[in-house]
Amino acid sequence: MTRGRFKLTKAERIRKSQEFQQVFKRGERINFPEFNLVFALNNLNISRMGVGVGKRFGNAVKRNRAKRLCRELFRLNKYKIPKGIDLIFLPKKAILESSWQELNGRIEEAVRKIAKRIHEKRE
RNA sequence: UUAUGGGGGUGGAUGAUCGCCUGUUGUUUUUAGCAACAGGAGGAAAGUCCGGGCUCCGCAGGGCAAGGUGGUUCGUAACACGAACCGGGGGAAACCCUAGGGAAAGUGCCACAGAAAAUAGACCGCCCCGCAAGCUGCGGGGUAAGGGUGAAAAGGUGAGGUAAGAGCUCACCAGCUACAGGGGUGACCCUGUAGGCUUGGUAAACCCCACCUGGAGCAAGACCAAAUAGGGAGACGCUUGAGGGUGGCCCGCCCGAGUCUCCGGGUAGGUUGCUUGAGGUGUCAGGUGACUGACACCCUAGAUGAAUGAUCAUCUUAAACAGAACCCGGCUUACGGCCCCCUAAGAAG
RNA sequence: CGGGACGUGGCUCAGUCUGGUAGAGCACAGCGUUCGGGACGCUGGGGUCGGAGGUUCAAAUCCUCUCGUCCCGA
């Protein structure tokens with residue numbers, strides 16, 4: 001069971017423009033110093049993720065770096081995140097200066113907040 | 001060793017754990033998953049400043065317009081690029097810079113200052129004449145040697161000459177034009193003769209001359225193709241009722257003017273274009289060189305919310321600029337550290 | 001990725017084509033007017049013309065390179 005635990009397949013990524021639009025339209029936001037999160041319920045039994053980085057963020061190298069960090073955060077902490085939600089990362093410039101430990105702490109905090117809100121919403 | 005100028009290379013490595021994309025093979029529960037193996041960013045991938053290939057549109061041929069290029073000869077698929085050479089400028093030198101055709105084809109412009117800024121021109125000065133007169137003043141004329149202005153003032157020096165001067169005349173020098181001879185494929189260089197004595201700058205102002213350029217771009221283009229709306233053709237039907245609802249079915253009842261099939265275009269979306277190419281590496285040959293030819297070997301990213309990463313450890317500390325998006329050839333710009341070669345000058349030995 | 005426009009005082013813009021003086025409005029400061037303020041009138045300060053190089057006697061203006069901002073095209 002633990003074999004595919006840390007994988008990140010194509011099905012687990014938000015890939016269409018319409019799906020992004022839906023999440024932004026219906027989702028909720030949580031903000032942190034290093035990144036903002038937008039999440040919404042989907043009707044699937046898995047969670048999916050996407051990253052949004054604008055041109056203002058920096059050059060191509062910086063944008064790529066930010067996306068890769070976000071993907072790693074999702075991939076390594078996926079098993080903690082409740083199933084059935086779409087999650088979009090909007091990284092800020094501070095993410096490039098943050099250490100891995102800081103980001104890991106931040107994502108755990110985020111997961112707790114999301115779980116709480118999802119719980120309230122379902123009741 | 002220090003320092004100057006030029007050229008070239010390198011562009012983190014190793015290990016562990018967890019992942020991503022593509023291809024091939026195998027397998028299964030076959031629009032997909034799993035396993036194994038192989039491959040997976042740059043010298044600038046960047047800026048998009050040029051040149052091509054490749055697509056679609058246009059096109060008998062020629063001219064105009066518009067834009068670009070601008071020493072010569074080579075190189076190249078082509079270029080605004082490169083090489084060698086010529087001319088000019090800078091430097092003590094190695095070496096560097098150079099949009100470098102034409103200003104006697106024409107037009108325009110040259111602010112301020114200055115008398116005058118391009119058919120030259122008399123403010124002061126110098127000289128002559130006339131009138132008045134004590135020093136001198138006024139008027140007419142000659143004069144570009146001197147002063148002053150300016151970025152720029154119409155050859156320079158010397159002698160003759162003159163009322164004073166002036167290429168007005170002469171010598172030398174600089175420069176121009178024409179001709180002749182020689183060298184070079186050529187730009188151009190060298191030598192000689194003659195001429196008039198002399199012609200400002202600006203063409204990255206209009207322009208003239210020579211040469212080049214059809215327009216768009218992979219979001220090009222091609223193919224497959226939901227839903228909705230609409231187009232064309234055919235069939236059935238419009239109170240003698242097609243079709244639909246109710247219902248297990250028929251009758252009945254209710255609604256009722258359209259319904260069904262096919263074709264073509266085509267949006268969302270998908271597939272393709274998509275990587276074997278003016279390709280690399282090596283040897284030999286030709287050429288001063290850019291480059292070219294022959295032979296052998298190699299296959300080296302192809303994503304699409306967009307892969308090549310994350311964490312830890314060691315290397316003294318791992319760090320610069322920076323990420324393919326149809327593909328090549330250049331140019332330009334950014335860049336930490338390290339290494340190599342050539343070179344001028346100085347110091348020491 | 002491709003195509004196009006714009007950078008001038010603190011702000012909004014002229015001037016660039018056709019090269020020699022950088023100008024207007026608002027804002028700011030001072031004075032006048034008023035018992036005081038506003039409005040009004042007069043006066044004044046403030047600009048590396050995004051940056052670098054070139055052409056020219058001379059560049060905001062012409063040429064080349066570069067930086068930044070904005071717009072358009074699935």
Presence of salt bridge, A/Glu12 and A/Arg75, under 4.0 angstrom: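 Answer for the salt bridge query: no.
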Base partner of B/U271, which must satisfy Watson-Crick or wobble distances under 3.5 Å: B/A222
Syn or anti conformation of B/A233, syn meaning chi within 90° of 0: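 B/A233: anti glycosidic orientation.
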Nonpolar side-chain network containing A/Val38, other nodes, edges under 4.5 Å: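 Under the 4.5 Å side-chain rule, A/Val38 groups with A/Ile14, A/Phe20, A/Val23, A/Phe24, A/Ile88, A/Leu90.
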Closest listed nucleotide, where the reference is the side chain of [X] and the choices are [options]:
{"X": "A/Arg65", "options": "B/C18, B/A41, B/U311", "answer": "B/U311"}
{"X": "A/Lys10", "options": "B/A35, B/A322, B/U22", "answer": "B/U22"}
{"X": "A/Phe20", "options": "B/G305, B/A41, B/G19", "answer": "B/G305"}
{"X": "A/Arg75", "options": "B/U304, B/A307, B/C18", "answer": "B/C18"}

All stems with RNA chain C, defined as three or more consecutive Watson-Crick or G-U pairs under 3.5 Å: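 The stems that RNA chain C takes part in, listed by first number, are C:1-7 with C:67-73, C:10-13 with C:23-26, C:28-32 with C:40-44, C:50-54 with C:62-66.
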A/Arg68 CZ to B/G323 P, straight-line distance once rounded to whole Å: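 Those two atoms, CZ and P, are 12 Å apart.
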5′-ward residue of the pair A/Ile88/A/Ser99 relative to RNA chain B: A/Ile88
Closest-nucleotide 5' rank along RNA chain B - winner of A/Ile14 and A/Lys62: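 Taking each residue's closest nucleotide, the earlier one in sequence belongs to A/Ile14.
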Rounded distance in Å between the P positions of C/G51 and B/A77: 45 Å
Rounded distance in Å between the P positions of B/A104 and B/G200: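 Taking atom P in both B/A104 and B/G200, they lie 6 Å apart.
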A/Lys62 NZ: over 12 foreign heavy atoms closer than 6.0 Å: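 Not more than 12 within 6.0 Å, no.
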Can you list, pair by pair, the side-chain donor-acceptor contacts under 3.5 Å of residues 27-34 of chain A, counting residues two or more places apart and other chains?
{"residue": "A/Glu28", "atom": "OE1", "partner": "A/Arg117", "partner atom": "NH1", "Å": "2.9"}
{"residue": "A/Glu34", "atom": "OE1", "partner": "A/Arg106", "partner atom": "NE", "Å": "2.9"}

